[in-house]
Each structure stands twice: as C-alpha cells, then as structure tokens.
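Residue numbers begin at 1 in each chain, while the letters A, B, ... track the order of the sequences.
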Amino acid sequence: MTFGKGCHLHLIDGSAFIFRAYHALPPLTRKSDGLPVGAVAGFCNLLWGELTTTRSQEAPTHLAVIFDAGSITFRNEIYPEYKANRPELPEDLRPQFAFTREATRAFNVPCIEIDGYEADDIIATLSRRAREAGGTVTIISSDKDLMQLVGNGVDMLDPMKNKRIGLDEVFEKFGVAPDRVVDVQALAGDSVDNVPGAPGIGIKTAALLINEFGSLESLLERAGEIPQPKRREALVNNADLIRISKRLVALDADMPLDVGLETLELKEPDPDTILGFLNAMEFRTLTRRVAEKLKVEAPALDADKGTEVQTQATQAATAPFVHDAYEAVRDAAALQAWVARIRERGYVAVDTETTSLDEMRADLVGISLATEAGLACYIPLGHRTGTDDLFGTAQRAEGQMAEAEALAILKPVLEDPAILKIGQNMKYDAKIFARRGVHVAPIDDTMLMSYAMHAGLHNHGMDALSETYLGHVPIPIKSLLGSGKAQVTFDRVPVDQAVRYAAEDADVTLRLWQLFKPMLHKARVTTVYETLERPLVPVLADMEMAGIQVDRDTLSRMSNAFAQKMAGLEAEIQEIAGEPFNVGSPKQLGEVLFDRLQVPGGEKGKTGAYATGADILEDITTLQDAHPQAARLAARVLDWRQLSKLKSTYTDALQDHINPETGRVHTSYSITGAVTGRLSSNDPNLQNIPVRSEEGRRIREAFVAPRGRVLVSLDYSQIELRILAHVADISELQQAFRQGVDIHALTASEMFNVPLDQMTSDIRRKAKAINFGVIYGISGFGLARNLRIPRAEAQGFIDRYFERFPGIRTYMSETVKSAQAAGYVQTLFGRKINTPEINAKGPTAGFAKRAAINAPIQGTAADVIRRAMIRMPAAIADLPATMLLQVHDELLFEVDEDAAATLVARAKDVMEGAAAPAVHFKVPLIVEAGQGQTWAAAH
DNA sequence: GGAGTCACG
DNA sequence: GACGTACGTGACTCCG
C-alpha cells in the first residue's frame with residue numbers, strides 16, 4: 001500500500017527512549033552472564049507500550065524508530081566543538097545500544113539510522129515526505145530540537161508526560177511559532193549541545209528580538225538599531241557565530257534517505273522472533289505480557305539461566321497497571337486475607353481517601369493497600385449514593401464494611417513495629433488514622449525519599465513521580481471529582497471507580513518505594529532521609545493536631561477597627577485623586593499616580609502596568625514639594641495597604657481557620673515545600689504572622705494560651721550568621737560569637753574603623769544589611785537597593801567587607817564552583833540541594849549562583865532546628881507541655897504555667913545542642929526565650 | 001491562572 | 001561598563 005492521504009506516521013525518537021529507560025531503572029544485569037540490560041528492558045517496555053496503546057484518534061498506520069548512527073555528523077564540519085561537551089556515556093549503557101536496535105527489529109518495527117546525520121534530521125526528512133504525500137505525522141519525543149517541525153499536520157507527543165506538543169506548546173516554550181524556533185535557538189544557543197549562540201542571550205530575550213525584527217536575518221542586518229548596548233554588541237560582534245549556530249540547530253529535511261514511506265507500514269510482530277529475543281534477554285515479565293497479548297504460550301526460561309531475573313525494582317517499573325485486577329474489599333473475611341498477606345510480606349503501602357484535604361476536618365471514605373507491584377485493594381467505608389436534599393436522604397452505598405470494624409482489623413497491623421507502612425505524604429494519612437485512635441508506625445514516605453534525593457530537580461507529588469519514574473500517568477483525581485463548582489467529594493464517587501483510582505495510588509506508592517529504596521543509598525542521602533526526614537513526620541503530625549488557640553473576638557474587633565480606618569483612608573484617597581477608583585487595584589492606582597497626577601518616573605513592567613510596590617510609593621511620599629497631592633496619596637495608600645493586608649490575610653482569614661471542634665487553628669506543614677530543607681506552613685500560613693510593624697504585631701495578641709497555661713517562644717539567635725562564620729571559617733566572626741558581642745556592630749567596626757563604643761545606629765544598620773546580603777549571595781545592586789544608596793557606594797562596602805573577611809569571598813566562589821561541577825550543594829548534615837540552573841547563561845545564572853551560596857547556610861539552619869524538633873518530644877515527655885509551631889528559627893510551646901521554667905531549660909538544651917554529635921560548630925548556638933499569655937508577649 | 005503585592009525568616 | 005539581581009516561602013486581590 002502506498003503512503004498517502006489518511007495515513008498517519010509515528011516517528012519514535014529512539015535515543016530519547018533509551019536514555020529515559022536508562023535513567024528510570026536501576027542498573028539491572030542479565031542473570032546468566034551479568035550483561036547490563038536495564039536500558040534495554042526499559043526500552044522494550046516503552047516500545048511495547050507504544051505498540052499496544054490505543055489512542056483512538058491518532059492511531060498510527062505507519063511507524064518507525066529512528067536512532068543516531070554515531071557521534072560525528074555534518075554539523076561537526078560546520079563547527080568542530082558541536083556536542084563536544086557531551087559527558088562520556090556511562091560504561092554500562094554503551095553495550096546496550098546494539099540491543100535496542102535488535103529489540104526494535106524483533107518487535108517488527110523498522111529501525112532507521114544514517115551515518116553522518118542525526119536522528120532528528122531523519123525525522124525531519126520523513127516528516128516532510130509524509131506531509132507531501134498527504135499524510136500526517138506524530139513525533140514521539142520531548143526533544144525541543146524537534147519542535148521546529150511542529151505544525152501543518154505534524155505534532156509531537158511527549159512520551160513521559162503523555163502530552164501532545166502542538167503549536168501552543170511550542171510557542172510556550174520558545175515564544176515564537178515553529179518556523180522561527182531555529183532563529184531563537186540560534187540566538188540563545190544550547191549549553192548541552194554546545195551551540196554557541198549569542199553571549200548573554202537566553203530564550204526569552206531571543207524570542208523578544210525575533211518577534212520585534214521578524215526574523216534572524218533581518219535582526220542581524222538591523223542589529224545596530226537595538227537600544228540595549230549589551231544586546232547590540234552581543235549580536236554585532238557574534239553575527240558569524242550566530243549564523244553558524246543556526247546551521248547547527250536547523251534540521252536537514254532534505255537529506256538523502258533511501259527509505260520508502262510504504263515500507264514503514266505497521267506490521268504485527270512475529271511471536272517467535274519477539275519472544276525469542278525477550279527470552280534471550282531474560283525479561284520474564286515482559287515475555288509473559290507479550291505472550292498474553294499475542295495469545296501464545298510464553299516460553300519457559302531455561303532453568304540453568306536462572307528463573308528470576310527481574311529485581312523488585314524492575315517489576316515496579318515495568319509491570320503493567322491493570323486497574324481491573326484491583327480488589328474491592330467488602331467484608332471482614334476479605335480484609336483478614338489482606339492482613340495475612342501483609343504479615344507475610346512485612347510491609348504494605350497504605351493510602352486513605354477522605355472528603356477533604358484538611359486532615360482535621362476530613363471524614364474517612366476508604367483505605368487502599370498494596371503489597372506488591374500490581375497487587376492492591378481498596379476498602380470502601382464511607383461512600384454514599386443519591387443526593388443530599390433538605391432531608392439528607394443520601395444513602396450509604398451497599399457492600400461496605402463499617403469503619404470501626406475495618407479499623408479494628410487493621411489497627412494491629414498499622415501499629416505493629418515489625419511491619420513497615422509505606423505512604424506518599426504519610427503525614428496526611430497518619431493524622432487521619434490518629435484522629436481515629438490508630439497510631440501508624442513505623443512509616444516510610446516516598447515523597448520524602450524523593451525530596452532527599454531530588455530537592456531542586458522536580459516536585460515530589462505522586463503524579464509527577466509516577467510519570468517520571470514509572471512512566472505511568474495515574475488516573476487524575478479530577479476525572480472522578482470534577483472541578484470547579486460541580487466538584488464533588490470522594491464519598492460521592494461510585495465504589496467501582498474509587499477502587500480503580502484508590503488502589504492504583506497504593507500500587508504506585510509501593511512501586512515508587514521499591515525503586516527509591518536502593519536509590520537513596522546510591523545518592524548517599526540515606527542518613528539525611530533517616531535522620532532529618534522520616535522521624536519528622538510524627539513530630540509534625542502531633543504539632544498540627546495540637547493546633548494553637550486563637551481568640552476569635554480579638555480578631556473580630558481588630559477586623560472592625562481596620563475596616564473603619566480603611567473606609568476613612570479610601571475616602572481621602574479618592575478625594576485626592578479627584579475620582580473614585582479601586583484602591584486595591586495596582587493598575588488603577590498606577591494610572592492615577594503617573595497619568596492623572598503626572599508623577600514622573602513611572603515604570604511599566606512586562607504587562608504594561610505601572611509598578612506601584614511599597615518601595616515606589618515610599619519614594620513618592622518624599623515628593624512633597626513637587627507633587628504634594630501625589631505624596632499625600634501615596635502615603636495614604638501605603639497605610640491602606642497595610643490595613644488591607646492585615647484584615648484580609650490575618651484578622652479575617654484566620655477566623656475562618658478556627659476548627660469548630662477544637663476551637664484552635666491547625667496549620668499544615670509541608671516538609672518538601674522549600675528546596676533548602678526549610679518547612680513551609682499553609683492553610684493557614686502561621687510562619688508569616690506579622691511582627692515587624694507595631695500595628696501588625698498586635699495580631700499576635702490573638703494567639704493565646706488556655707487558662708493556666710502560657711506560650712513559650714524559643715528562637716535561635718543569628719543562626720545563619722553563626723553558620724556562615726563556621727563554614728567560611730572566619731575566625732574574627734567566630735570569636736565575636738564566642739564572646740557574645742553584637743555581631744553587626746563588630747562588622748561595622750571592622751569595616752568602617754569605628755571603635756565599638758563609638759558605634760552609631762546608622763553605621764550598624766549598614767553593616768547589618770551587608771551581613772544579611774552576604775547570606776543571600778550579595779550584589780552591589782541588591783545592597784544599593786536595600787540601603788537606598790548609590791550603587792558605587794554599595795559596591796565599595798562589599799569590597800571593603802571582602803577585604804576585611806577574605807574567607808567569605810573564598811567560601812562563596814568555592815561553593816559556586818563545586819555546584820557547577822557536581823550539580824548540587826550540601827548542608828553540613830549532608831542534605832543535597834540540586835542546582836540544575838547553575839550552568840545556565842544569562843540572568844538565570846546569577847539567580848542560580850546566589851541560590852547556591854544561600855542554600856547551604858539556610859539549609860544547615862533548617863537541619864539544625866529539624867534535629868531539635870525530632871529530639872524534643874522525648875526531652876519534654878514528662879512535662880505538661882506541647883510543641884505547637886515552628887517558624888524557621890523559632891519553636892513555640894504551650895505549657896502549664898508552673899512548668900514553664902523547666903520547659904525553657906530543657907528545650908533550650910535540646911536546641912542549643914541540636915547539631916551535636918554530627919557536627920561540632922566552632923561557634924556556640926544560642927537560644928533566646930520568652931513567655932507570656934499571648935504570642936505577642938512571648939516573643 | 002498569572003501578576004502584583006506583602007507578610008514572615 | 002552594563003545586562004537585571006538580593007535568599008527562601010504562602011495568601012490575597014485584581015483582571016483578562
């Protein structure tokens with residue numbers, strides 16, 4: 001059959017499949033002879049998936065896998081350094097390449113590679129021919145270099161995310177249509193492929209320029225018209241290099257290629273060939289699956305070759321997800337069978353389904369369990385049918401155990417110290433169980449494992465992990481609950497659908513655990529996971545469940561007072577403006593100030609709106625002479641904004657967070673929320689309750705201790721500067737901390753040659769800003785803006801600082817250097833923070849460097865307080881005291897009045913000694929304490 | 001849903 | 001000498 005209209009060609013980027021398979025799987029070897037086969041196994045699995053997936057609308061009629069033939073292509077003649085930076089292939093991957101070709105042929109799929117050309121050129125050429133013949137094309141790849149081919153009957157499919165890449169996605173990535181993608185790439189260059197591009201120009205700027213000038217050629221011709229000198233020079237001086245870059249990134253869609261499209265027609269695989277190959281590779285599971293699908297007997301593996309070649313990890317990554325195989329557990333006998341299975345295994349993945357993301361309010365709807373890849377069940381407990389009307393006639397769905405009965409059967413297992421309970425974000429499920437009297441322990445948590453290994457690389461939600469590491473997109477929760485107004489709670493999901501979704505969650509979690517467990521060790525973060533992540537879960541769960549008492553009346557009174565003041569300010573503001581407008585709209589405010597009142601210097605951002613941040617408004621308030629109206633208006637708006645913030649975010653929203661059952665506010669901490677190891681707090685965020693302004697601080701008066709109790713606050717003094725003094729090994733600073741002198745004053749004294757006893761507050765303030773700046777990866781610009789001084793002056797301060805403390809400069813540059821080499825930085829306790837952008841070019845590099853400088857310091861401080869929190873419960877177990885909140889360097893407790901002194905002593909000891917014995921700081925860690933009826937008084 | 005703004009360490 | 005920049009978060013409001 002000839003290729004023509006109605007035909008749909010799928011072109012698989014073979015290299016992408018191989019690398020994806022290699023990195024997703026542990027280093028497996030063939031049992032009989034030790035041959036490395038992990039990448040081959042994964043490749044076969046992906047290819048088989050591609051052949052068996054039914055995508056109704058876009059099913060291929062023709063199919064081919066395209067490979068790169070070798071490393072030398074025509075591009076090396078144009079530019080010898082092309083792809084010269086590529087790291088050496090891993091030793092165990094190289095020998096697997098040949099097998100991936102063999103596998104492709106065994107699956108009866110055409111396998112194309114041409115010497116001197118990249119796979120991308122072949123894909124470009126075949127795509128063009130297919131289009132000219134009247135057919136359509138889907139390229140299976142996520143490689144951005146292929147995006148220039150998209151459009152006009154050609155699209156891409158990202159095999160990992162199972163996401164189509166069409167015109168919109170290309171535009172999103174490059175800021176231009178596909179036909180201008182090469183122009184953008186030529187300008188931006190590519191550090192991975194070593195395409196030079198123009199120095200200092202990234203994708204964003206490139207797109208901007210191309211869109212403005214239409215094309216690369218006209219841009220280069222008219223480069224002299226570019227207003228920004230840096231950009232102009234980058235283009236003028238590098239025009240040749242840019243043209244070369246374009247030839248490197250442009251794919252050759254017209255290469256000599258002796259492959260007829262009709263030969264790519266989809267063919268059934270030959271069972272003997274494919275099973276013979278899989279059997280020879282000793283892929284047990286895949287052999288069985290393929291045999292099943294082809295409806296033939298699976299060949300038995302030779303006994304002397306070894307029968308069990310697949311480790312748990314491959315099982316996890318390659319066994320199919322069969323939703324119909326999940327069991328619905330509806331009675332005690334069936335649940336007892338699962339309990340027996342769990343006891344035999346020694347571990348189980350657990351997941352709960354509930355009616356709310358707020359664990360303190362959620363009702364339990366069901367529980368799922370998994371004991372091995374593909375073997376999972378769901379226990380429906382609280383599903384309802386029908387609708388709630390006035391009489392609440394919703395019925396309990398049939399065939400469900402009573403919650404109490406199920407929990408009674410599961411409790412001994414969930415609490416058994418010999419049985420490991422595995423979860424994804426176990427804190428959530430542990431709280432759900434704890435509120436029902438079941439105290440789950442011990443636990444493992446796949447989310448925390450991912451965080452320990454891959455902080456900074458990606459998020460750690462289950463869906464993302466499943467896609468990345470299992471190559472599987474789980475059923476989206478939205479497909480069950482809907483979204484927006486029509487969204488229902490999980491108890492309204494029909495049980496048969498819930499089984500498929502919920503059991504899959506447990507299945508995915510178990511598989512991730514099987515994959516991650518050996519990976520933790522390889523990444524050398526086992527200690528981090530075991531000492532800083534896993535033990536924190538029960539501690540945080542208890543703090544969150546304890547909550548903190550918040551006085552509604554206090555908040556409500558404040559709220560009313562704020563509302564009144566705001567109304568007054570609003571009237572005044574509108575009178576000055578001479579017209580009514582929405583004070584809360586930065587856009588309208590900007591127009592009033594800069595257009596109507598003619599304040600000069602209004603700067604519009606990317607969106608075309610004037611910037612009206614607090615710093616800008618503060619500048620305007622100083623224009624009393626030139627623009628008295630605007631100055632007054634700006635001052636009023638600043639006041640209004642402060643009140644508006646306090647009212648909406650604190651006095652109003654906090655009231656809504658008071659739990660009706662406990663009368664307290666229960667935040668939720670995210671362990672993986674910050675890349676540095678800090679916690680984050682949400683719903684509500686209790687880590688940003690106001691304290692800096694007098695008016696805002698009063699919000700803390702609403703956080704109270706119950707009668708007979710007090711709040712105790714303990715916070716580390718200057719912990720980040722102490723850590724800096726230690727890691728950068730600055731003896732003067734260390735000595736200052738040991739002697740307990742004012743560190744900012746000392747810095748000022750050293751820098752400005754002012755004796756300590758003659759220190760002024762202004763000089764000290766400047767030194768303080770510099771000290772903080774250092775922690776953040778200081779820049780002259782940043783310091784200048786912070787201190788509102790000329791940039792040259794700020795730079796002078798920094799120079800003097802580094803002159804005085806040269807060790808700091810060394811520390812900073814060494815940190816950046818090691819991040820560039822390793823791709824991550826580490827805290828003193830071994831936590832890794834990945835820095836994937838550290839070798840980027842353009843402004844991104846600056847961000848990444850500063851983040852890399854800051855991360856070990858902020859992260860070490862985060863580790864210290866985590867260690868203190870983990871030790872705290874045992875240290876205060878005999879006291880009538882509860883740890884309630886953590887605010888990065890502060891812990892807040894509630895304690896019986898008469899035990900407050902004891903608590904302070906104990907908690908202080910734990911906090912000050914938290915680094916030992918793992919790390920011995922050369923400076924003391926000092927904790928300051930306060931107590932009172934309210935948080936305001938305790939701080 | 002993104003941008004702007006602002007609360008905290 | 002000039003690109004544009006302090007590090008890390010979460011919540012609220014506007015507005016397309």
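Counting only heavy atoms from C-beta on, A:Pro586 has its side chain closest to B:dT5 among B:dC6, B:dT5, C:dC12. When each of C:dG16, C:dA6, B:dA7 is scored by its nearest atom to the side-chain atoms of A:Pro690, the top-ranked nucleotide is B:dA7. Here C:dT5 is the nucleotide among C:dT5, C:dC3, B:dG9 with the atom lying nearest to any side-chain atom of A:Phe847. Closest to the A:Gln642 side chain, of the nucleotides C:dC12, C:dG4, B:dA7, is B:dA7. Considering only side-chain atoms of A:Pro229, the nucleotide from C:dA6, C:dT5, C:dC3 that sits closest is C:dC3. Of the candidates C:dA6, C:dA11, C:dT5, the closest approach to any side-chain atom of A:Asn786 belongs to C:dA6. With C:dT5, C:dC15, B:dG9 as the choices, the nucleotide that has an atom nearest any side-chain atom of A:Val887 turns out to be B:dG9. Closest to the side chain of A:Tyr650, out of C:dT9, C:dT5, B:dA7, is B:dA7. Nearest to the side-chain atoms of A:Asp889 among the listed nucleotides B:dC6, C:dG16, B:dG9 stands B:dG9. Among the nucleotides C:dG16, C:dA11, B:dC6, the one closest to any side-chain atom of A:Asp683 is C:dA11.
Look at A:Arg785 and you'll find a side-chain N or O under 4.0 angstrom from OP1 or OP2 of C:dA6. A close approach under 4.0 Å does not occur between any side-chain nitrogen or oxygen of A:Lys849 and OP1 or OP2 of C:dC7. Taking side-chain N and O atoms only, A:Ser779 has no distance below 4.0 Å to OP1 or OP2 of C:dA6. Using a 4.0 Å cut-off, no side-chain N or O of A:Arg788 falls inside it from OP1 or OP2 of C:dA6. Applying the 4.0 Å criterion to OP1 and OP2 of B:dC8, one finds that A:Asn685 has every side-chain N and O outside that range. Close to C:dC7, at under 4.0 Å from its OP1 or OP2, lies no side-chain N or O of A:Thr676. At the phosphate of B:dT5, OP1 or OP2 sits under 4.0 Å from a side-chain N or O atom of A:Thr612. Residue A:Gln588 has a polar side-chain atom (N or O) positioned under 4.0 Å from OP1 or OP2 of C:dC15.
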For the pair A:Gln858 and A:Thr676, evaluate side-chain hydrogen bond (donor to acceptor under 3.5 Å, both in side chains) and give the outcome as yes or no after the intermediate values. CA-CA 7 Å; A:Gln858 187 183 114; A:Thr676 53; 2.7 Å; yes
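Using a 4.0 Å heavy-atom cutoff across all strands shown, A:Gln228 reaches no nucleic acid atom at all. Across all strands, A:Ile689 comes closer than 4.0 Å only to sugar-phosphate atoms, never to a base (heavy-atom distances). Using a 4.0 Å heavy-atom distance criterion, A:Phe772 is classed as making no nucleic acid contact. Using a 4.0 Å heavy-atom cutoff across all strands shown, A:Ala861 reaches no nucleic acid atom at all. At the heavy-atom level, A:Ala792 lies nowhere under 4.0 Å from the strands shown. Using a 4.0 Å heavy-atom distance criterion, A:Ser644 is classed as making no nucleic acid contact. Using a 4.0 Å heavy-atom criterion, one finds that A:Arg791 contacts the bases of the nucleic acid, with or without backbone contacts as well. Counting non-hydrogen atoms under 4.0 angstrom, A:Gly584 reaches the backbone sugars and phosphates but no base. Among the atoms of the strands shown, only primed sugar atoms or phosphate atoms (P, OP1, OP2) are found under 4.0 Å from some heavy atom of A:Ala614. Heavy atoms of A:Gly846 sit nowhere under 4.0 angstrom from any nucleic acid atom. Among the protein residues, A:Ile775 comes within range of no part of the nucleic acid, since none of its heavy atoms lies under 4.0 Å from any strand.
Just one residue in the list A:Arg867, A:Arg866, A:Lys427 forms a salt bridge (charged side-chain N to carboxylate O under 4.0 Å, His left out) with A:Glu533, and that residue is A:Arg866.
Straight-line distance from the CG atom of A:Leu891 to the P atom of B:dC8: 19 Å, rounded to whole Å. Atom NZ in A:Lys587 sits roughly 16 Å away from atom P in B:dA3 (whole-Å rounding). A straight line from CG of A:Leu686 to P of B:dC8 spans 14 Å, rounded to a whole angstrom. Between A:Leu638 atom CG and B:dC6 atom P there is a gap of 7 Å when expressed in whole angstrom units. Counting to the nearest Å, the C1' atom of B:dC8 and the CD1 atom of A:Ile719 are 17 Å from each other. A:Gln718 places its CD atom 12 Å from the C1' atom of B:dG9, with the value rounded to the nearest Å. In this entry the distance linking CZ of A:Arg850 with C1' of C:dT9 reads 17 Å, nearest Å. Protein atom CG of A:Asn854 is 10 Å distant from nucleotide atom P of C:dT9, rounded to whole Å.
The nucleotide C:dA2 finds no pairing partner, because no Watson-Crick or G-U wobble arrangement with both distances shorter than 3.5 Å includes it. Nucleotide C:dC14 forms a pair with B:dG2, judged by Watson-Crick or G-U wobble geometry with both contacts under 3.5 Å.
For A:Glu544 (side chain) and A:Tyr669 (main-chain N/O), a donor-acceptor pair under 3.5 Å exists by modelled atom type. Looking only at distances, no side-chain donor or acceptor of A:Arg232 sits under 3.5 Å from a matching main-chain atom of A:Gly224. Using a distance-only test at 3.5 Å, with no hydrogens or angles considered, a donor-acceptor pair links the side chain of A:Thr815 to the main chain of A:Tyr811. Under a 3.5 Å cut-off, the side chain of A:Tyr451 and the backbone N or O of A:Ala674 do form a donor-acceptor pair.
Using atom P as the reference point in both B:dC8 and C:dG4, the two lie 31 Å apart (nearest Å). Annotation: B:dG4 and C:dT5 have their P atoms spaced 12 Å apart (nearest Å).
Residue side chain A:Arg678 does not reach the base of C:dT9 through any donor-acceptor N/O pair under 3.5 Å, judged by distance alone. A:Arg692 contributes a side-chain N or O that forms a donor-acceptor pair with the base of B:dG9 under 3.5 Å.
Figure legend: cation-pi geometry between A:Lys832 and A:Tyr824, with NZ or CZ positioned under 6.0 Å from the six-membered ring centre and within 45° of its axis.
In this pair, A:Phe772 and A:His744 present their aromatic rings tilted. The plane angle is within the 30 to 60° band.
Enclosure of atom CG in A:Asn459 is not indicated, since only 12 or fewer non-hydrogen atoms of other residues, nucleotides or ligands lie within 6.0 angstrom.
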